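Quick notes on the structure that follows.
Computed from heavy atoms alone, side chains included, the values below leave out hydrogens, waters and symmetry copies. Note that ligands are numbered from 1 as they come in the structure, with each ligand's atoms numbered from 1 the same way. Note that this is a predicted model, so its numbers are computed, not measured.
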Amino acid sequence: MAGIYIHIPFCKKACSYCNFHFSTSLTLYHDMVNAIKKEIILRSKNYNEEIETIYYGGGTPSLLKIKDIEDIFLAIENNYNLSNNLEITIEVNPDDLSKEKLKSLSKTKINRISLGIQTLNDNSLKLMKRVHSSKQSIESIENSLLFFKNISIDLIYGIPNKDINSLDQDLRLSQFYDIKHISTYALTVEPKTLLESQINKNLVSMPQDDDVYRQYMYINNFLSNENYENYEMNSYAKKGFYSKNNSGYWLRKKYIGIGPSAHSFDGLTRSWNISNNSKYIKDIESNKLNAKREVLSKVDIYNEYVMTGLRTVWGVSGDYISKNFGKNFYEHFMNKSQSYLKSNHLVKNKDLYTVSKKGKFLTDGIAAELFLIKLK
Ligand SMILES: C[S@@+](CC[C@H](N)C(=O)[O-])C[C@H]1O[C@@H](n2cnc3c(N)ncnc32)[C@H](O)[C@@H]1O
Ligand code: SF4
């Protein structure tokens, strides 16, 4: 079982915090769609895995014309072995979603919408240079619900000047509209972003860690009370609505990443496409797959297993470590995990180790302590 991720590298405007790969010029739109379709075909040679998820991500995939969404799907359908139970998600920005667009989207094979709401606080939206208003966000949710049941929203916490009341308002959305899936993101200051330069010039200041922790716990308590399952550190879903795509990443399933900057994983190797639109198009036009790759060592795979396992409800299995990595890795994990069990940051259930509610916010730090050699 595997997934296909398609990176659509265009946005209307750069959000202040984002350093994903995208261009705000649509000049190469047509050539890009053709190159993406061609890469899909080139990568299918000798590929036998069954595909169970397709994810149009970005950038802003809702900038795609409906015909291009369909053609990209056709290229996949004609060249891969698809599961009967495919999850097909598209990331959409609220300002792109008219009723007509949603109606047309609902007639494609897409069966899941992931809406970039981020917050309903208009001051925060302006601060983050989002193109949409909270009014557009609400309309986009209401319109999406007319055509789709499986809807996810992205929310950002830890935004400068934003308090718990504003966060509470964002969370009430989920309650009011019975949103099935919520991905939460702690705002991070990425290199070469406007946010970074605003902070360096003291124009904006990020909240203190304690504040971010309080917001994380507020979200966690609020959504748990609303019967969301916190199946991954920052992901919440109603029963039956875990994202198959996201779960695939956490369960270390294989995926093919198509498009500039897209990452792929085949179980042993991670690779990433060139992050340059015109070079990507030129390479694909001459049948060249331009990706850098890294073959994972046994230590890398163990570290990734511990990190992804601890972030999720599926946890880390001592037995799995012993069988797949051997005695030294097993003993290392057992020794290192003892203090976290004693401090109640980790919980052990039979053979499975998961992070407790107390430890949730600290998951990445705990995982790093359990790595065999700390990741760079
Ligand atoms: C890269 S975007 C793509 C989808 C779409 N363009 C959007 O903005 O919703 C996916 C998610 O990553 C989040 N994101 C990107 N950079 C981030 C950062 N520095 N901190 C927190 N969230 C971030 C976005 O806000 C969005 O929810
Ligand atoms: S957050 Fe989304 S819309 Fe904003 S720049 Fe990043 S990819 Fe584009």
Side-chain angles (χ1 to χ4, degrees), residues 5-26 29 32 55-64 69 89-97 101 105 110 112-121 124-134 136-137 140-141 144 151-160 162 167 170-171 173-174 179 181-200 204 206-207 209 211-212 215-216 219 232-236 243 245-246 249 257-263 272 275 277 361 364:
Y5 171 85
I6 305 139
H7 190 79
I8 306 300
F10 300 109
C11 290
K12 280 185 190 157
K13 190 175 139 192
C15 300
S16 70
Y17 54 87
C18 181
N19 77 345
F20 278 66
H21 170 69
F22 63 88
S23 160
T24 50
S25 157
L26 286 172
Y29 174 90
M32 181 60 71
Y55 196 94
Y56 295 76
T60 309
S62 46
L63 290 176
L64 283 173
I69 294 174
T89 307
I90 186 165
E91 286 181 337
V92 290
N93 285 27
D95 43 296
D96 290 330
L97 289 185
K101 175 106 183 205
L105 270 178
I110 285 167
R112 186 169 181 274
I113 295 268
S114 171
L115 267 160
I117 300 295
Q118 320 308 351
T119 172
L120 291 182
N121 183 313
S124 299
L125 289 172
K126 277 190 199 123
L127 178 119
M128 296 192 295
K129 305 274 184 245
R130 296 287 296 180
V131 207
H132 54 97
S133 63
S134 60
Q136 279 174 306
S137 299
S140 73
I141 294 178
S144 297
I151 291 177
S152 176
I153 60 172
D154 286 355
L155 294 178
I156 296 187
Y157 61 100
I159 301 173
K162 193 171 137 114
L167 186 63
D170 296 345
L171 293 167
L173 256 187
S174 57
I179 303 291
H181 186 279
I182 303 176
S183 295
T184 64
Y185 296 82
L187 185 65
T188 51
V189 183
E190 300 293 345
K192 297 188 186 140
T193 56
L194 173 65
L195 180 63
E196 185 193 49
S197 81
Q198 289 172 322
I199 287 169
N200 290 342
V204 170
M206 290 296 283
D209 288 352
D211 255 358
V212 181
Q215 292 189 23
Y216 178 84
I219 294 171
E232 184 274 325
M233 188 186 163
N234 283 312
S235 312
Y236 300 83
S243 157
N245 173 74
N246 301 12
Y249 292 131
I258 304 280
S261 82
H263 285 229
W272 51 99
S275 295
N277 287 359
F361 187 69
D364 290 350

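Closest to atom 8 (O) of ligand 1 among all protein heavy atoms lies Arg130 NH1, 2.8 Å. Regarding atom 2 (S) of ligand 1, its nearest protein heavy-atom neighbour is Gly58 O, 4.2 Å. Taking atom 22 (N) of ligand 1 as the reference point, the nearest protein heavy-atom neighbour is Tyr185 CB, 3.5 Å. At the top of the distance list for atom 20 (N) of ligand 1, counting protein heavy atoms only, stands Thr188 N, 3.1 Å. Of the protein's heavy atoms, Glu91 OE1, 3.2 Å lies nearest to atom 3 (C) of ligand 1. Looking only at protein heavy atoms, the nearest one to atom 27 (O) of ligand 1 is Asp154 OD2, 2.7 Å. Considering only non-hydrogen protein atoms, atom 21 (C) of ligand 1 sits nearest to Ala186 O, 3.5 Å.
The shortest side-chain heavy-atom distance between Glu232 and Asn246 does not fall under the 4.5 Å cut-off. Side-chain contact check for Val212 versus Tyr157: some heavy-atom pair is nearer than 4.5 Å. Side-chain contact between Ile8 and Leu63: absent, with no pair of heavy atoms (C-beta onward) separated by less than 4.5 Å.
A donor-acceptor contact closer than 3.5 angstrom is absent between the side chains of Gln118 and Tyr185. Counting only N and O atoms by type, the side chains of Asn93 and Ser62 include no donor and acceptor under 3.5 Å apart. Using modelled atom types, one finds a donor on one side chain and an acceptor on the other under 3.5 Å when comparing Glu190 with Thr188.
Of the heavy atoms in Thr60, only side-chain atoms (C-beta onward) come closer than 4.0 Å to ligand 2. The side chain of Cys11, and not its backbone, has at least one atom closer than 4.0 Å to an atom of ligand 2 (non-hydrogen atoms only; side chain from C-beta on). Only side-chain heavy atoms of Asn93 come within less than 4.0 Å of ligand 1; its backbone N, CA, C and O stay farther off. Contacts of Arg130 with ligand 2, taken as heavy-atom pairs under 4.0 Å, involve the side chain alone. Residue contacts with ligand 1 for Ile156 involve side-chain atoms from C-beta outward but no N, CA, C or O (heavy atoms, distance under 4.0 Å).
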Verify side-chain contact (heavy atoms from CB on, under 4.5 Å) between Asn245 and Arg112, making sure each step is shown before the conclusion. CA-CA 11 Å; Asn245 173 74; Arg112 186 169 181 274; 5.6 Å; no
side-chain contact (heavy atoms from CB on, under 4.5 Å) evaluation trace for Ser114 with Tyr55:
CA-CA 10 Å; Ser114 171; Tyr55 196 94; 4.0 Å; yes
Output, in order, the C-alpha distance, side-chain angles, deciding distance and verdict of salt bridge (Lys or Arg N to Asp or Glu O under 4.0 Å) for Asp95 and Lys13. CA-CA 12 Å; Asp95 43 296; Lys13 190 175 139 192; over 6 Å; no
Before giving the answer on side-chain contact (heavy atoms from CB on, under 4.5 Å), spell out for Ile179 and Ile141 the whole-Å C-alpha distance, their side-chain angles and the decisive distance to 0.1 Å.
CA-CA 9 Å; Ile179 303 291; Ile141 294 178; 3.9 Å; yes
- Apply side-chain contact (heavy atoms from CB on, under 4.5 Å) to the pair Lys12 and Asp96, showing each step before the final yes or no. CA-CA 10 Å; Lys12 280 185 190 157; Asp96 290 330; 2.7 Å; yes
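The only member of Thr184, Ile117, Asp170 that meets side chain to side chain contact (heavy atoms under 4.5 Å, CB included) when paired with Ile153 is Ile117.
Atom 6 (Fe) of ligand 2 has an N, O or S atom of Cys18 inside 2.8 Å of it.
Closest approach of Tyr5 and Gly57 over heavy atoms only: OH-C, 3.5 Å. The shortest heavy-atom contact between Ala14 and Phe22 is CB-CZ, 3.6 Å. Across all their heavy atoms, Leu187 and Met206 have their closest contact at O-CE, 3.5 Å.
For ligand 1, the atoms closer than 4.0 angstrom to any heavy atom of Thr60 are 6 (N). Taking a cut-off of under 4.0 Å to the non-hydrogen atoms of Asn93, the atoms of ligand 2 that pass are 3 (S). Less than 4.0 angstrom separates some heavy atom of Phe20 from each of these atoms of ligand 1: 1 (C), 15 (C), 16 (N). Each of the atoms 19 (N) of ligand 1 lies under 4.0 Å from some heavy atom of Glu190. Atom numbering of ligand 2 starts at 1 in the shown order; those under 4.0 Å from a heavy atom of Gly59 are 7 (S). Of all atoms in ligand 2, listed by their number and element, those nearer than 4.0 Å to a heavy atom of Cys15 are 1 (S), 3 (S), 4 (Fe), 5 (S). Near Leu187, meaning under 4.0 Å from any of its heavy atoms, are these atoms of ligand 1: 20 (N), 21 (C). Remark: ligand 2 atoms within the under-4.0 Å shell around heavy atoms of Phe22 are 5 (S).
Ligand 1 lies nowhere less than 4.0 angstrom from a heavy atom belonging to Cys15. Residue contacts with ligand 1 do not include Met128, since none of its heavy atoms lies under 4.0 Å from the ligand. Under the 4.0 angstrom criterion for non-hydrogen atoms, Phe20 is not in contact with ligand 2.
Relative orientation of the Tyr216 and Phe361 rings is tilted, given thresholds of 30° and 60° on the angle between their planes.
Remark: ligand 1 and Gly59 share an N or O pair separated by less than 3.5 Å (distance only, no angle test). In terms of polar-atom proximity, defined here as any N/O pair under 3.5 Å, Gln118 does make such a contact with ligand 1. On a distance-only criterion, Tyr17 and ligand 1 share at least one N/O pair closer than 3.5 Å. Ligand 1 has no N or O atom lying under 3.5 Å from any N or O atom of Asn19, backbone or side chain.
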